[in-house]
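Below is one structure, written out as C-alpha cells; comments come after it.
Quantities reported herein were computed from a predicted structural model and do not represent experimental measurements.
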Amino acid sequence: MGQAASNLGIGEYPPEYNPKVHGPYNPAVYYGKKDVALGDVKLGELPSWLSRRSFSPVAIGRAIGRMRWRYQQRYNMNPRQWPLTFYHLAFGTFILYYAFHEYPKRKHHTYAKYH
C-alpha cells in the first residue's frame, strides 16, 4: 500500500489490538475501551457520551466494517442461516428496483399547499 493508505491505517490492525491479550483477530470486535451502550445512556449523559465518540472518516469506516463483519458472521457464515441471507438480498434488490422504477413517476408530486 502507498504512504497515504498507511497514514490512514487502512489494512492495519487497530492500535488497541494486542494479540497476546485478545487472541486471534476478529474484525467484528471493537478492541477499544469498553463504554456504556447507547441503549443504557440517560438523556442527560448523552452529550458526554457523544463527546467520547470519534467521528473521523477512519473511525466511521472502521465502524461500518465491523458492522459488515458482524452481519457476515451472523448470517452468511452460519450454515443454518443461508435462506435468511437470500431473503435479505432479494428484499433489498426489490426495494432498490422499486425506488428507481417509481422515482420518475413520483418526483413531481409534492406535499405542499398551492397558495
Checklist entry - Of all heavy-atom pairs between E16 and H22, which one has the smallest distance, and what is that distance? => result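 Heavy-atom minimum between the residues: O-CE1, 3.4 Å.
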Checklist entry - Taking all non-hydrogen atoms of both residues, which atom of S51 and which atom of S48 are closest, and how far apart? => result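 Reported closest heavy-atom pair: OG-O, 2.7 Å.
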Evaluate the side-chain proximity of [Y] to [X]: yes if any heavy-atom separation is below 4.5 Å, no if none is.
{"X": "V29", "Y": "W69", "value": "no"}
{"X": "Q73", "Y": "N26", "value": "yes"}
{"X": "Y25", "Y": "P14", "value": "yes"}

Checklist entry - By side chain to side chain contact (heavy atoms under 4.5 Å, CB included), which residues pair with I60, not counting sequence neighbours? => result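 With neighbours one apart ignored, the set is I64.
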Item to check | With L96 via side chain to side chain contact (heavy atoms under 4.5 Å, CB included) - residues at least two apart | outcome: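 For L96, the residues satisfying side chain to side chain contact (heavy atoms under 4.5 Å, CB included) (neighbours in sequence not counted) are F100.
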Checklist entry - How would you list all residue pairs meeting side chain to side chain donor-acceptor pair (under 3.5 Å) that involve residues 31-43, not counting sequence neighbours? => result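 Those involving residues 31-43 are D35-R52, D35-R53.
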Checklist entry - Is there any side chain to side chain donor-acceptor pair (under 3.5 Å) pair reaching into residues 88-99, and which pairs are they, with sequence neighbours excluded? => result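 For residues 88-99: Y71-H88, Y98-R106.
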Item to check | Hydrophobic cluster membership, Y13 vs V21, 4.5 Å side-chain cutoff | outcome: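 No, no single cluster joins them.
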Checklist entry - Hey, any chance M67 and Y30 share a hydrophobic cluster, counting ILVMFWY side chains that come within less than 4.5 Å of each other, even indirectly? => result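 As far as the 4.5 Å side-chain criterion goes, Y30 and M67 are not connected within one cluster.
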Next on the checklist: Using the ring centroid of each side chain, check whether Y87 and F91 are separated by less than 6.0 Å.
Outcome noted: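 Distance test on ring centres: not under 6.0 Å, no.
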Checklist entry - To which residues is L89 joined in a hydrophobic cluster, defined by side-chain heavy-atom contacts under 4.5 Å among Ile, Leu, Val, Met, Phe, Trp and Tyr, whether direct or through other members? => result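 Besides L89, the hydrophobic cluster comprises nothing; the residue is isolated.
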Next on the checklist: Between W49 and L38 (side chain of the first, backbone of the second, donor and acceptor by atom type, cut-off under 3.5 Å), is there such a pair?
Outcome noted: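 Here the side-chain-to-backbone pair does not exist.
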Next on the checklist: Keeping R70 on the side-chain end and A28 on the backbone end, is there a donor-acceptor pair under 3.5 Å?
Outcome noted: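 Present.
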Item to check | Pairs touching residues 23-32 that satisfy salt bridge (charged side-chain N to carboxylate O under 4.0 Å, His left out), sequence neighbours left out | outcome: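 Applying salt bridge (charged side-chain N to carboxylate O under 4.0 Å, His left out) to every pair that reaches into residues 23-32, excluding sequence neighbours, yields nothing.
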